[in-house]
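From a predicted model like this one, the values you see are computed outputs, not experimental measurements. Throughout, a chain's letter reflects where its sequence line sits, starting with A, and its residues are numbered from 1.
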Number of protein chains: 2
Amino acid sequence: MISTEELLNNHGVKPTPQRVVIADFVLSTHEHPTAEDVLKGVAGQLPVTISRATVYNTLNTLVAAGVIREVFTEPGACRYDANVSKHHHFVDTRTGRIFDIPWDEVPQLPRSLKGRFKVHGYEITFFGEAT
Amino acid sequence: MISTEELLNNHGVKPTPQRVVIADFVLSTHEHPTAEDVLKGVAGQLPVTISRATVYNTLNTLVAAGVIREVFTEPGACRYDANVSKHHHFVDTRTGRIFDIPWDEVPQLPRSLKGRFKVHGYEITFFGEAT
DNA sequence: TTCCATAGTTAGACTAAGTCTAAGTTATGG
DNA sequence: CCATAACTTAGACTTAGTCTAACTATGGAA
Ligand SMILES: [Mn+2]
Ligand SMILES: [Mn+2]
Ligand SMILES: [Zn+2]
Ligand SMILES: [Zn+2]
């Protein structure tokens with residue numbers, strides 16, 4: 001298991017204590033936390049308080065560096081995802097929980113639509129009930 | 001062409017002047033406007049000022065009644081869509097414009113995933129360049 | 001007609017997600 | 001040791017959206 005410090009270094013992000021704690025939190029859950037979840041989750045993990053600005057700055061930095069990704073399944077807040085490989089999402093409409101769906105569970109979609117739309121990528125959100 | 005008053009009546013929504021003006025605005029554009037767009041767009045259409053609260057209330061009422069639908073393609077604000085039939089969306093990544101993609105332009109996706117996820121519905125957002 | 005109840009609208013206060021700012025702290029290279 | 005740059009902090013600010021309390025329109029009873 002590669003350390004979070006190494007991971008951040010490999011992505012060109014200087015591994016400050018705050019960044020390591022924040023990255024650790026997002027990377028070690030499958031819950032697709034919001035920024036607010038992260039803020040609460042990392043509180044008390046360091047002798048200093050981790051400010052709201054640092055949480056948002058760090059999440060944006062980690063997304064830009066490709067360490068994590070954002071996912072928008074519902075309005076209100078964006079969520080963060082440790083899984084940066086191509087995949088889709090399933091939202092359990094009862095609990096609100098979000099599950100990863102591997103890319104190849106789903107048929108490939110066309111790379112061009114109606115002649116005039118050149119597709120660079122797509123995201124599928126499934127809604128339903130998980131068992 | 002059925003009148004907006006009739007349309008609202010058919011959906012069980014009392015067609016007040018404010019609601020008619022707001023519904024007309026959303027129904028007569030393909031631009032997928034935000035609530036703020038609607039607020040600006042209907043300003044001055046009536047002798048009274050249409051308040052922010054009425055715009056948001058009316059949009060929510062129209063969505064609940066099935067007259068229009070919401071679409072979330074990016075974080076920040078939700079958009080409103082005159083097209084309530086099943087379809088997908090294409091986001092032009094240069095301009096930000098959103099285009100409707102007919103349901104049957106895209107292959108059907110599975111109704112069950114990995115055994116444990118029963119799919120009730122799905123939404124696909126394509127990203128790319130329109131010509 | 002008048003009265004009342006209900007539904008709808010309004011301005012503005014309030015909340016929640018996120019950004020920005022200005023000052024303080026922490027590395028780093030010379 | 002110092003200068004500079006990078007980072008972090010608290011809190012102000014912005015934006016999207018909801019809530020509140022007062023006001024207005026409507027549609028029957030009486
Ligand atoms: Mn974001
Ligand atoms: Mn909404
Ligand atoms: Zn994911
Ligand atoms: Zn649409």
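- For B:Phe99 and A:Phe117, the ring centers sit closer than 6.0 Å to each other.
- Following rounding to the nearest Å, A:Ile50 (CD1) and D:dA10 (C1') show an atom-to-atom distance of 15 Å.
- If you check every strand for non-hydrogen atoms under 4.0 Å, A:Thr54 touches a base.
- Taking atom CG of residue A:Leu46 and atom C1' of nucleotide C:dT26, one finds them 14 Å apart after rounding to whole Å.
- When distances run from any side-chain atom of B:Asn57 to the nucleotides D:dA6, D:dT9, C:dT10, the shortest one goes to C:dT10.
- In this structure, A:Ala77 reaches the sugar-phosphate backbone alone: every heavy-atom distance under 4.0 Å involves primed, P, OP1 or OP2 atoms, never a base.
- For the pair B:Tyr56 OH and C:dC14 P, the computed distance is 19 Å after rounding to whole Å.
- The side chain of B:Glu36 sits closest to D:dA16 out of D:dT8, D:dA16, D:dT9.
- Here the options are A:Glu70, A:Glu31, A:Glu74, the test is salt bridge (charged side-chain N to carboxylate O under 4.0 Å, His left out), and the partner is A:Arg79; only A:Glu74 passes.
- Checking A:Asp100 against A:His32 by side-chain atom types alone, a donor-acceptor pair falls below 3.5 Å.
- Nearest nucleotide to the side chain of A:Arg19, out of D:dC7, C:dT10, C:dT9: D:dC7.
- Following rounding to the nearest Å, A:Leu39 (CG) and D:dA10 (P) show an atom-to-atom distance of 10 Å.
- Between the side chains of A:Thr34 and A:Asp37, at least one donor N or O lies within less than 3.5 Å of an accepting N or O.
- Rounded to the nearest 0.5 angstrom, A:Ile50 CD1 and A:Gln45 CD are separated by 7.0 Å.
- Distances were taken from every side-chain heavy atom of B:Thr49 (C-beta onward) to each of C:dG8, D:dG11, C:dT10; the shortest belongs to C:dT10.
- A:Arg52 has its CZ atom 17 Å from the P atom of D:dT14, to the nearest Å.
- Counting to the nearest Å, the P atom of D:dT24 and the CD atom of B:Gln18 are 13 Å from each other.
- We find that CZ of A:Arg79 is positioned 16 Å from C1' of C:dG18, with the value rounded to whole Å.
- In terms of position along DNA chain D, the nucleotide closest to B:Ala35 lies nearer the 5' end than the nucleotide closest to the other residue of the pair B:Ala35 and B:Lys14.
- Of the candidate nucleotides D:dG11, C:dG8, C:dA11, C:dA11 has the atom nearest to the side chain of B:Ala53.
- The phosphate of D:dG17 has neither OP1 nor OP2 within less than 4.0 Å of any side-chain N or O from B:Asn60.
- Across the protein-nucleic acid pair, A:Lys40 atom NZ and C:dA17 atom C1' stand 11 Å apart, rounded to whole Å.
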